[in-house]
K.L.:
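Got a structure here, written out as structure tokens. Questions coming.
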Amino acid sequence: MAGRINDEDVKAVRDAVPIDAVVSEYLQLRNAGGGNLKGLCPFHDEKSPSFQVSPSKGLFHCFGCQEGGDTITFVMKIDHLSFSEAVERLAGQAGITLRYEEGGYNPSHQRGERIRLVEAHKIAAEWYAEQLATSAEADTGRVFLAERGFDQAAAQHFSVGYSPQGWDHLTRYLRGKGFTDKELLLSGLAQEGRRGPIDRFRGRLMWPIRDIGGDVVGFGARKLYEADNGPKYLNTPETAIYRKSQVLYGIDLAKKDIAKASRAVVVEGYTDVMACHLAGVTTAIATCGTAFGGEHIKILRRLLMDNGSARVIFTFDGDAAGQKAALRAFEDDQKFAAETYIAIAPDGMDPCDLRLAKGDEAVADLVEPRTPLFEFALRQIVSRYDLDTPAGRAAALDEAAPIVARIKNSGAQHEVAVELAGMLGILDTQFVVKRVAQLARWARERGGKGPAPDRHQHASQQYAAAQPSAAPRGPALNLRNPVYATERELLKLALQRPELVSPAFDAYGVDEFTAPPYAAVRQAIMDAGGAELGVQDPQDYLVKVREAAPDDMVRAMVTELAVEAILLRRAVDEAYAGAQLVTVRRRAVERRIRDIQSQLTRLGTHGDPAQLAAVQNELWVLQQYDQSLRVHGAAAL
């Protein structure tokens, strides 16, 4: 059982690793104003970015799905790690040695499962690469690469390796590094043999497959020897860290250029990725033994930010299998905001063969957009029908019209409908145009099954909806209500700019916040030590407030308010903060005045004189205080 990580070390990890640097490894971030950054949420599908990162606060929050937290929380959620595993990974990046309160300094047997599997793959990749570089047996692999135009420097750049032909070379090496047989089997690096675990990969060229964060999570292995009865390419099996539908080979090398250029090139194999990158096409990536699908699209969308001018270029072989793959890719075309294209090299060569035959310039020229993917799909469909007969033209129209109806740009849709009429030889162009428009309308109607839930619903609304109906919740939380809007604004200031509202804010009671979720956040701030703590240590302050939250709903609200932009009508300064403090306080005073006036009405003229005098005195004091707030503002607090 792993010991608890020292609290000071956890804080050191939070402080050492900027949240924007970590998040940027997984998605493209752009300026959102107010010092915040925004991007497409990696935790749910969305068309426009509602995921925000606050580097100064060390927090992220999605205003769509309400996921939020700090750097550690992000790594936990994005890579499905435990708290200790996430801290260990970030500590490794920052070069921080962690102390454990029970069990000393991070012994290897205490590491989390995912961390151990990733570490095993890292060591295996380094060992395979060393074998390729130094082993005499690996000469077959070096010749294979050289024949395809890849020298030793290229092999090192892509960390290509070689797995020896023996039964258990890697297994024995990893055992010597402290890995158990169970870990080796779980990792997919070994498989059960007659007398225990043996190497899964033997006598093959090895391409390490990394996730978007750069960790090796699997391998692609190419057969080199005729005596090998296995498949031409053998990939790591599905494991706790490797899902072939969720990884793209080369994404770790290509992600920054994909985001910068708003362009991605999808090729078919590992050597094609190598050829493209060496030819200057550094946005090339490939799937790993599976068709390009929905999970791959999610990865690219986060990098492309659903920019309408972004481009995704698919390169497929010109053979029947390549054409089938292109049509399958078109099935998912609508999931992109980016324009999709297809590039097929002359003579059906793939990028690796093209680079060998015609050089780097030919590869760079190949991936310049040539044919929109929908146009390729149409030509493939039309070519299957006998257009010399009315029946053939009608059948081709029935299959091709839905393709045109799915084109995102309505203007382009009309033009392509006209082109389709020409391709089919249908003289009545308007008939084809109307047919396409009708299909597009039907598709929209089928997709509209009632109003979709509001993705930008605030955590405050979700919080109110989640409370037990028997509990008093106060009025419904309408964010257009100026009372709630001001309370929200004051809490944002208390979390984001505590120096502007402290120490006055710490004297505010929980009952001065009328919205239940806001009252809960006020209580959490109080339990964490008050806004004054935020002046002394802003980063630790937010951590403590989130820890003080009684449940995940309140914790999500704290994160949301700490990240959400302050509603600027002027500069965020003491005057603006003072106005929010005064408004919330005056409304609390006014509510109390109304309560006392109601009490006086109930007491009437027959109440106890002493009680009546006390109530009247309280009313007078509150009225004077309200007058002072109105005249002197924050100075009267």
K.L.:
Can any side-chain N or O of S383 pair as donor or acceptor with the backbone N or O of Q380 at less than 3.5 Å?
P.N.:
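Side chain of S383 to backbone of Q380: a pair is present.
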
K.L.:
Distance-only, no hydrogens or angles: does the R200 side chain make a donor-acceptor pair with backbone N or O of G188 under 3.5 Å?
P.N.:
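Flag set: sc R200 to bb G188 pair under 3.5 Å.
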
K.L.:
Go through it in stages, so that I can follow the logic: the residues are F150 and R355, the test is side-chain contact (heavy atoms from CB on, under 4.5 Å), and I'd like the CA-CA distance, side-chain angles, deciding distance and then a yes or no.
P.N.:
CA-CA 11 Å; F150 305 122; R355 179 171 176 265; 3.7 Å; yes

K.L.:
Are the side chain of S163 and the backbone of R204 linked by a donor-acceptor contact shorter than 3.5 Å?
P.N.:
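It does hold such a pair.
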
K.L.:
For the atom pair CZ (F201) and CD (Q165), what is the distance rounded to the nearest 0.5 Å?
P.N.:
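So the CZ of F201 and the CD of Q165 are separated by 15.5 Å.
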
K.L.:
Would V266 and V312 count as a side-chain contact (heavy atoms from CB on, under 4.5 Å) here? Give the steps.
P.N.:
CA-CA 7 Å; V266 182; V312 178; 4.0 Å; yes

K.L.:
Please lay out, stage by stage, how Y270 and F158 fare under the test ring-ring contact (aromatic ring centres under 6.0 Å, His included).
P.N.:
CA-CA 10 Å; Y270 308 124; F158 292 95; over 10 Å; no

K.L.:
Closest approach of P208 and V216, non-hydrogen atoms and distance?
P.N.:
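Smallest heavy-atom distance, with atoms named: CB-CG1, 4.0 Å.
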
K.L.:
Would you check if the side chain of D272 reaches a backbone N or O of C352 as a donor-acceptor pair within less than 3.5 Å?
P.N.:
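Yes, D272 side chain to C352 backbone: donor-acceptor pair under 3.5 Å.
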
K.L.:
List the steps and the verdict of side-chain contact (heavy atoms from CB on, under 4.5 Å) for I299 and E295.
P.N.:
CA-CA 7 Å; I299 297 171; E295 294 299 320; 5.9 Å; no

K.L.:
Please list, chain by chain and in numerical order, all residues satisfying salt bridge (charged side-chain N to carboxylate O under 4.0 Å, His left out) with R148, sequence neighbours excluded.
P.N.:
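Here no residue qualifies.
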
K.L.:
Just wondering, do Y242 and N235 contact through their side chains at under 4.5 Å, heavy atoms?
P.N.:
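Touching, per the 4.5 Å side-chain cut-off.
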
K.L.:
Does atom NZ (K256) have a neighbourhood of more than 12 heavy atoms from anything else shown, all under 6.0 Å?
P.N.:
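Open: at most 12 neighbouring heavy atoms sit under 6.0 Å from NZ of K256.
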
K.L.:
Should we say atom CD of E238 is surrounded by more than 12 heavy atoms from elsewhere, each under 6.0 Å from it?
P.N.:
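Correct, the count exceeds 12.
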
K.L.:
Kindly compute the distance separating CZ (F376) from CD1 (I342), expressed to the nearest 0.5 Å.
P.N.:
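Reported value, rounded in 0.5 Å steps: 4.0 Å.
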
K.L.:
Please identify which of these residues, E564, E560, E67, meets the side chain to side chain donor-acceptor pair (under 3.5 Å) condition with H61.
P.N.:
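Going through E564, E560, E67 one by one, the side chain to side chain donor-acceptor pair (under 3.5 Å) with H61 is satisfied by E560 alone.
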
K.L.:
Does the side chain of M274 come within less than 4.5 Å of W207's, by heavy atoms?
P.N.:
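Yes, close enough: below the 4.5 Å cut-off.
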
K.L.:
When rounded to the nearest 0.5 angstrom, what distance separates CD in Q413 from CD1 in I403?
P.N.:
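Answer rounded to 0.5 Å: 12.0 Å.
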
K.L.:
Counting distance only, does the side-chain N/O of D386 pair as donor-acceptor with the main-chain N or O of D388 below 3.5 Å?
P.N.:
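Looks like yes, one N/O pair under 3.5 Å.
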
K.L.:
Nearest 0.5 angstrom please: S48 OG to L40 CG, how far?
P.N.:
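Between S48 OG and L40 CG, I get 8.0 Å after rounding to 0.5 Å.
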
K.L.:
Are Y162 and L224 packed together at the side-chain level, in the sense that at least one heavy-atom pair is separated by less than 4.5 angstrom?
P.N.:
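The answer is yes; the side chains approach within 4.5 Å.
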
K.L.:
Just how far is it from atom CD of E46 to atom CZ of F43, taken to the nearest 0.5 Å?
P.N.:
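E46 CD to F43 CZ: 11.5 Å, rounded to 0.5 Å.
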
K.L.:
So L248 and T287, side-chain contact (heavy atoms from CB on, under 4.5 Å) or not? Walk me through it.
P.N.:
CA-CA 5 Å; L248 288 165; T287 59; 4.0 Å; yes

K.L.:
Please check this pair: side chain of R142 against backbone of L132, looking for a donor-acceptor N/O pair closer than 3.5 Å.
P.N.:
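Yes.
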
K.L.:
In Å and rounded to the nearest 0.5 Å, what is the CG to CE distance from L366 to M349?
P.N.:
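The distance works out to 9.5 Å.
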
K.L.:
Which heavy atom of I19 sits nearest to which heavy atom of F60, and what is that distance?
P.N.:
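Closest heavy-atom pair between I19 and F60: CD1-N, 3.7 Å.
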
K.L.:
Would K358 and D365 pass as an ion pair if we require N to O under 4.0 Å?
P.N.:
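A salt bridge is absent here (no side-chain N lies under 4.0 Å from a carboxylate O).
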
K.L.:
Keeping R311 on the side-chain end and E339 on the backbone end, is there a donor-acceptor pair under 3.5 Å?
P.N.:
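No, because the side chain of R311 does not come within donor-acceptor range (under 3.5 Å) of the backbone of E339.
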
K.L.:
Do other residues, nucleotides or ligands put more than 12 heavy atoms under 6.0 Å from Y225 OH?
P.N.:
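Yes - once you tally the heavy atoms of other residues, nucleotides and ligands closer than 6.0 Å, there are more than 12.
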
K.L.:
For the backbone of L303 and the side chain of K255, can you confirm whether one donor and one acceptor N or O come within less than 3.5 Å of each other?
P.N.:
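Between the backbone of L303 and the side chain of K255 there is no qualifying donor-acceptor contact (under 3.5 Å).
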
K.L.:
Given side chains that start at C-beta, do those of E25 and I212 come closer than 4.5 Å, heavy atoms only?
P.N.:
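Sidechains of I212 and E25: no contact.
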
K.L.:
Looking at every heavy atom in both A400 and L420, which two are closest together, and how far apart are they?
P.N.:
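That closest heavy-atom pairing would be CB-CD1, 3.9 Å.
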
K.L.:
Under a 3.5 Å distance rule, please check whether D215 uses its side chain to pair with a backbone N or O of V217 as donor and acceptor.
P.N.:
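Between the backbone of V217 and the side chain of D215 there is no qualifying donor-acceptor contact (under 3.5 Å).
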
K.L.:
Measure across Q52 and V563 and return the closest heavy-atom pair with its distance rounded to 0.1 Å.
P.N.:
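Taking every non-hydrogen atom into account, CB-CG1, 3.6 Å.
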
K.L.:
So does Q191 have more than 12 non-hydrogen atoms from other groups sitting under 6.0 Å from CD?
P.N.:
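Count over threshold, so yes.
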
K.L.:
Mind listing the closest non-hydrogen atom pair of I258 and I251 along with its distance?
P.N.:
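For I258 versus I251, the nearest heavy atoms are CD1-CD1, 4.1 Å.
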
K.L.:
May I ask you to decide whether E368 forms a salt bridge with R263, counting only side-chain N to carboxylate O separations under 4.0 Å?
P.N.:
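R263 and E368: salt-bridged.
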
K.L.:
Treating H296 as the side-chain partner and G293 as the backbone partner, does any N or O pair qualify as donor plus acceptor under 3.5 Å?
P.N.:
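Pair found, side chain donor or acceptor close to backbone of G293.
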
K.L.:
For R441 and Q438, test the side chains for any donor-to-acceptor distance below 3.5 angstrom and give the result as yes or no.
P.N.:
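Their side chains do not contain a donor-acceptor pair, so the 3.5 Å distance test is not met.
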
K.L.:
If you measure only the distance, is there a donor-acceptor pair under 3.5 Å linking the side chains of R379 and T371?
P.N.:
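No, no side-chain donor-acceptor contact under 3.5 Å.
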
K.L.:
Which heavy-atom pair separates R302 from Y26 by the least distance, and what is that distance?
P.N.:
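Looking at all heavy atoms of both residues, the closest pair is NE-O, 3.6 Å.
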
